[in-house]
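A quick write-up on the structure given underneath.
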Amino acid sequence: MGKAYEPKKYESKIYQLWEKSNFFNPDKLPGKRKKMYSIAIPPPNITGSLHMGHALNNTIQDILARFYRMKGFRALWLPGTDHAGIATQNVVEKELAKEGLTRHLLGREKFVKRVWEYRETYGNLILDQLKKLGCSCDWSRTAFTLDNNYAHAVRTAFVHYFKKGYIYRGPRIVNWCPRCATAISDIEIKYQEQESKLWYIKYPFKHDSRNYITVATTRPETMLGDTAVAVHPKDERYKDLIGKTVMLPIMNREIPIISHHLIDPEFGTGAVKITPAHDNADAKIGKEKNLKVINVIGPDAIMTKDAGTYAGETVLNARQKIVQELKTLGVLKKEEDYTHKLSLCDRCGSAIEPQISTQWFVKMEKLAQPAIRVVEKDKIKIFPKRYKKIYCNWLENIEDWCISRQLWWGHRLPVWFCQNSGQKSKNKCFVVSIEKPKKCTTCNADEFKQSEDVLDTWFSSALWPFATLGWPDKTKDLKTYYPTSFLSTAPEILYLWVARMVFSSIEFLNKIPFHEVYLHATVLNIEGRRMSKSLGTGLDPLELIEKYGADATRFGLIYQMTRDQQAFRFDERALIASRNFINKLWNISRFVDLGQDHTQNINAKPMTLSDAWIVSRLNSVIDSVTEKIKTYELGEAAQELYDFTWHEFADWYLEISKLQMSSPSVIPQGPSVIPHEVRDDKEGVRDDKEGVRDDKEGVRNDKKGVIPNEESHNTIQILNHALTTMLKLLHPFIPFVTEQIWQSTALPGSDLLMITTWPKPNKKLINKKSEQKFEIIKNLVTEIRNWKTNKKIPLKQQTEYKLKPENKKLLTQKGSRDLIEKLANVTLII
RNA sequence: GGGCGAGUAGCUCAAUGGUAGAGUACUGCGCUUACAUCGCAGGGGUUACAGGUUCAAAUCCUGUCUCGCCCACCA
């Protein structure tokens, strides 16, 4: 073993050793293992590369998987990737753009083929990166959301919902990019501040054309499609006008004045023109109030025939001309300078034109109820607790889920439109079925065309925990590992993903998908900004692994985190500290040099006060760390292990062990410090120190090559036992170095540390009295050293120290005087 | 705009209502045969601000300020 631990030298070798063992596959684990533990990984996008959030989240999962594996569970951590519709399609489109191509030029079939090629090349990169991090996933079960069997699960789910009447088709307003000729999602929109005008327009009352209500708008051209004017129900100015009608200028259409709580009385005049066809908010109000939808802007951003005299104009031309006409008509009250956020297509920069189109929906009301109940009743526990309320609130106010997307990459809807039927419109009669139907029972058609739409990516990921185990088939895996035990993920996908898995699982399997959910902290950079590639505020975990090693990266991340945190600023200095800690552990091991078969249970008995103290502390730490991992207090557990290993075991016991192994007589002795339970061994109590001291004459301070006396031998056993225990406790956090230490000292044929048994605390050995007595000695030693430092006496220099009278009583413990004198290099004057 | 969280040592974070701790940085000494990625010792905090409850407040309550995260339909 080298003086310093070198991660690069060992990490890949150790990982290979684990993989070769097959123990990542729970079915290959030794022993009976009746209890199951399973985690479905939040599948990263195939376009993704590991970022700090992944590093944190997967470290958390690996800690849990390794912990329960060592606890004797059949632990499954099932890995995989998500096809990630929009994200992946965009990435490939950008690639195409570099070649001067577009997906439209390529055509759907070739484009999809191209995306599959992309997936073959890059799709598993992120999984390889997880291996670098040390993740103990069962790679033999790796899943992908577009696998054939997964696709079957997706279609099964769709058909199920449809047959139950939960899926329907309907109009819906979407963000439409006129140039790309597609609907795009909210996340594909970028916003740009723009200097513009706010136009105030008078809408005269029908029966009193001299009076009017004034509305304010940034988009006067949409007024051609207005079907109402809305005010806030409690707005005193307009209260009496609700229900009256006004005449829409230019179009001379009679439209009602309605009320709606979404209207902000503070904005403009407090009265808003409602254009359900071309505005998101208006569409919602329109739907609620059953307003007519009039399309005045076409998908090409040209005014439609319903725009009357403005038909055929571009949006901007129409706007200018309409403002002119309003002036002429004398209904333009005023125009104001106004800066507003313009929605632009992220890809091409065109202005978004909201459009009504036909989409598919899942009715949420009945699905949401049981999903709320299982969380309310803590059948599924969410950590941190505060997210429970947030989750329930969202589901209580949930709207129907739009599941169709006009993309090419994804699961096409299992909807088959009848082609040769008597129906005039080809899209009116259709069959919903898993496979292409032979005949339509409604219209007798026998030619079909599958829907061009694909499903929202989250529709397929909602099935992840059970589809990956083989659902809808009743597989052995499903029976064995479902429901899963634990889900760890980022808080921002609580709605998008977690909630949807819950109701899907209840709907399809009548089971919860997982027992506990942990929403981990967001990793911020040191300035407190979200780590993001596009902002350039991210750190690359792989570079950190390269620099500090995988263990230090893991430990440093976990060490900075506490369970209920919402976010923390990532500090690279924590990784340096972790690297140093790992090196410390390495060197502790070099000193202790397990040197014997540590796979055997070592029965070390505390013989001295120091022994009793360290053994007591060790057992407390086992107990506490075990509890903390179970309740996801991983940062707290890491800190406790750090402190114990370094500042108790290494700083104190290791130093004392040197004394115990060289001249045991200096050690505080005595039956009083040894718990009764462990004194049954005849070695446990010694009464003839003098004799032993004589025996020790000439013995080197080197435990190798000497015949150890009882105490020295016992000290070695305690060192061994403590180190063995620490390695086990630390293994889930820093698996590589602990396994390497284990391997470099294990006998041939012994187990991997990865599958050794998790330590159990021996509560009989937790001895608070010994701990207190030892604390006194520690404090006294520190006090004397401090005195020496202040007196500028080198610590090594032997000197006399006059004990303060109040401290004399502290020396009642046999041998404690000798220990203090040795540790502080003083001769006590009492 | 709504919801949530956070403001504690120079920096990153801890602390069931009871003497405010750690890592890092800093200062002094030390290459003591596991480790200088180290050891020993030390300095450093009116716990954002203002009130209140209490024998006792970093902690509980109210308000203010600042920052962050999530959600959202400001025409």
Side-chain angles (χ1 to χ4, degrees), chain A residues 1-6 173 186 198-199 215-220 222 230 260 262-264 266-275 278-285 338 340-341 354 384 386-387 389-390 393-394 397 490-496 519 521-522 524 526-530 548 552 556 559-562 564-574 576-593 635-636 639-640 642-643 646-647 650-651 654-655 657-658 700-702 719 781-790 792-796 823-825:
Chain A
M1 287 172 83
K3 260 180 125 173
Y5 174 64
E6 297 165 74
I173 195 148
D186 291 347
L198 192 58
W199 285 276
V215 299
T217 180
T218 55
R219 299 198 59 193
T222 61
H260 199 278
L262 285 178
I263 305 303
D264 175 10
E266 303 290 316
F267 186 88
T269 60
V272 182
K273 59 190 266 326
I274 300 297
T275 322
H278 301 294
D279 181 275
N280 290 320
D282 294 4
K284 185 180 171 181
I285 294 172
Y338 186 70
H340 77 134
K341 274 188 294 180
R386 62 175 177 276
Y387 288 110
K389 210 171 77 188
I390 296 174
N393 275 345
W394 184 75
N397 301 312
E492 68 261 26
I493 52 175
L494 178 62
Y495 314 131
L496 287 176
L519 300 164
T522 307
L524 309 176
I526 199 98
E527 277 103 38
R529 308 289 296 274
R530 191 188 173 72
Y548 304 106
Y559 186 87
Q560 291 185 71
M561 179 195 85
T562 52
D564 295 337
Q565 240 173 355
Q566 182 181 272
F568 66 92
R569 300 180 183 204
F570 179 79
D571 189 342
E572 199 169 328
R573 287 172 302 183
I576 297 172
S578 302
R579 183 252 275 145
N580 295 351
F581 170 65
I582 286 158
N583 196 54
K584 188 76 182 177
L585 181 69
W586 179 258
N587 276 291
I588 289 171
S589 312
R590 292 209 312 145
F591 174 77
V592 174
D593 185 7
E636 294 87 335
Q639 288 176 33
E640 184 166 354
Y642 179 102
D643 289 338
W646 199 321
H647 298 308
D651 286 352
L654 219 62
E655 294 307 319
S657 79
K658 291 174 185 172
R700 288 167 53 219
N701 180 14
D702 181 347
L719 286 171
V781 168
T782 302
E783 193 182 314
I784 298 169
R785 284 168 175 171
N786 184 13
W787 171 81
K788 285 178 95 171
T789 305
N790 289 337
K792 303 232 186 292
I793 303 168
L795 188 63
K796 270 202 299 186
L823 288 174
N825 274 314

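Reckoned from all heavy atoms, side chains included, excluding hydrogens, waters and symmetry mates. Given the structure is predicted, the values throughout are model-derived calculations rather than measurements. Every chain is numbered from 1 and lettered A, B, ... according to where its sequence line falls, protein lines coming before strand lines.
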Candidates B/C4, B/A34, B/C13 - which lies nearest the side chain of A/F568:
B/C13
If you check every side-chain atom of A/I526, which of B/U37, B/C73, B/U12 has the closest atom?
B/U12
Please report, rounded to the nearest Å, how far the P atom of B/C13 is from the CD atom of A/Q565.
7 Å
Base, sugar-phosphate, or nothing for A/N790, non-hydrogen atoms under 4.0 angstrom?
nothing
If we call it a pair only when both distances are under 3.5 Å in a Watson-Crick or G-U wobble match, what pairs with B/C69?
B/G3
Nucleotide nearest A/T789 (side chain, heavy atoms from C-beta), chosen from B/C35, B/G28, B/U12:
B/G28
Do the ring planes of A/F581 and A/W646 sit parallel (below 30°), tilted (30 to 60°) or perpendicular (above 60°)?
parallel
So which nucleotide from B/A75, B/G28, B/A22 ends up closest to the side chain of A/D264?
B/A75
State the pairing partner of B/C55; accept Watson-Crick or G-U wobble contacts with both distances under 3.5 Å, and report none otherwise.
B/G18
With the side chain defined as heavy atoms from C-beta on, A/D651 is closest, among B/C4, B/G39, B/A34, to B/G39
Is there a side-chain contact (heavy atoms from CB on, under 4.5 Å) between A/L654 and A/F591 once you walk through the steps?
CA-CA 9 Å; A/L654 219 62; A/F591 174 77; 3.7 Å; yes
Taking the minimum atom-to-atom distance to the side chain of A/Q560, which one of B/U12, B/C73, B/A22 wins?
B/U12
Taking B/A75, B/U12, B/G5 as options, the one with an atom nearest any side-chain atom of A/Q566 is B/G5
Of the candidates B/C73, B/C4, B/C40, the side chain of A/R785 sits closest to B/C40
By nearest atom, which of the nucleotides B/C4, B/A22, B/G39 is closest to the A/D643 side chain?
B/A22
Taking the side chain of A/K3 as its heavy atoms from C-beta onward, which of B/A34, B/A36, B/G23 lies nearest to it?
B/A36
Does a distance-only test, which skips hydrogens and angles, find a donor-acceptor pair under 3.5 Å between the side chain of A/E640 and the base of B/A22?
no
